[in-house]
Amino acid sequence: MPKMEITIPEHLEMQITQMVDSGEFINREEAVEDLLAAGVRAYKTSGPMDDDEPGFEDDGMMGHDDEYVF
């Protein structure tokens with residue numbers, strides 16, 4: 001697996017340490033890997049859209065200008 005080095009703000013490092021200490025993750029490496037993977041998945045499903053493609057955020061769901069239809 002490729003390795004990389006990152007620098008993160010202290011508050012994030014503290015949160016990761018707390019998650020490891022509370023048993024949510026086995027170690028820091030697993031925590032960073034899982035959290036990074038979750039962030040990438042979330043970004044792919046809700047990240048920026050192409051400017052050329054019309055998006056729901058432009059004119060509401062289902063093309064309604066003044067309301068959202070679910």
Side-chain angles (χ1 to χ4, degrees):
M1 187 178 324
K3 290 186 178 200
M4 63 187 324
E5 184 176 317
I6 61 168
T7 302
I8 60 171
E10 188 172 328
H11 72 277
L12 291 178
E13 190 274 331
M14 289 173 47
Q15 290 176 349
I16 291 170
T17 299
Q18 288 174 347
M19 286 185 249
V20 172
D21 290 347
S22 70
E24 292 183 54
F25 297 100
I26 295 172
N27 56 38
R28 292 167 52 92
E29 184 177 321
E30 179 192 80
V32 171
E33 183 179 337
D34 286 357
L35 294 168
L36 182 59
V40 169
R41 282 191 305 274
Y43 183 82
K44 283 184 176 182
T45 60
S46 65
M49 299 178 74
D50 255 348
D51 289 339
D52 296 338
E53 295 180 22
F56 291 123
E57 74 280 356
D58 293 334
D59 59 359
M61 298 289 287
M62 305 298 291
H64 296 276
D65 290 333
D66 58 348
E67 65 184 62
Y68 288 90
V69 178
F70 296 94

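For the pair V32/F25, no side-chain contact is recorded, criterion being any heavy-atom separation below 4.5 Å from C-beta on. R41 is not listed as a side-chain neighbour of T45, based on a closest heavy-atom distance of 4.5 Å or more.
The cluster map of Ile, Leu, Val, Met, Phe, Trp and Tyr, joined by side-chain heavy atoms under 4.5 Å apart, puts V40 and L35 in different clusters. When hydrophobic clusters are built by joining Ile, Leu, Val, Met, Phe, Trp and Tyr residues whose side-chain heavy atoms come closer than 4.5 Å, directly or via intermediates, L12 is grouped together with I6.
Looking at T17 and E13, their side chains do bring a donor and an acceptor atom within 3.5 Å of each other.
Interatomic distance, CZ of R28 versus CE of M19, reported as 11.0 Å (0.5 Å rounding). To the nearest 0.5 Å, atoms CD1 (I16) and CG (D21) are separated by 12.0 Å. Atom CD of E30 and atom CD of E33 lie 8.0 Å apart (nearest 0.5 Å). Here the CD-CG distance, from E24 to D34, works out to 11.0 Å after rounding to the nearest 0.5 Å.
Environment of CD1 in I26: sparse, with no more than 12 heavy atoms of neighbouring residues, nucleotides or ligands closer than 6.0 Å.
Not a single donor-acceptor pair under 3.5 Å links the side chain of S46 to the backbone N or O of Y43.
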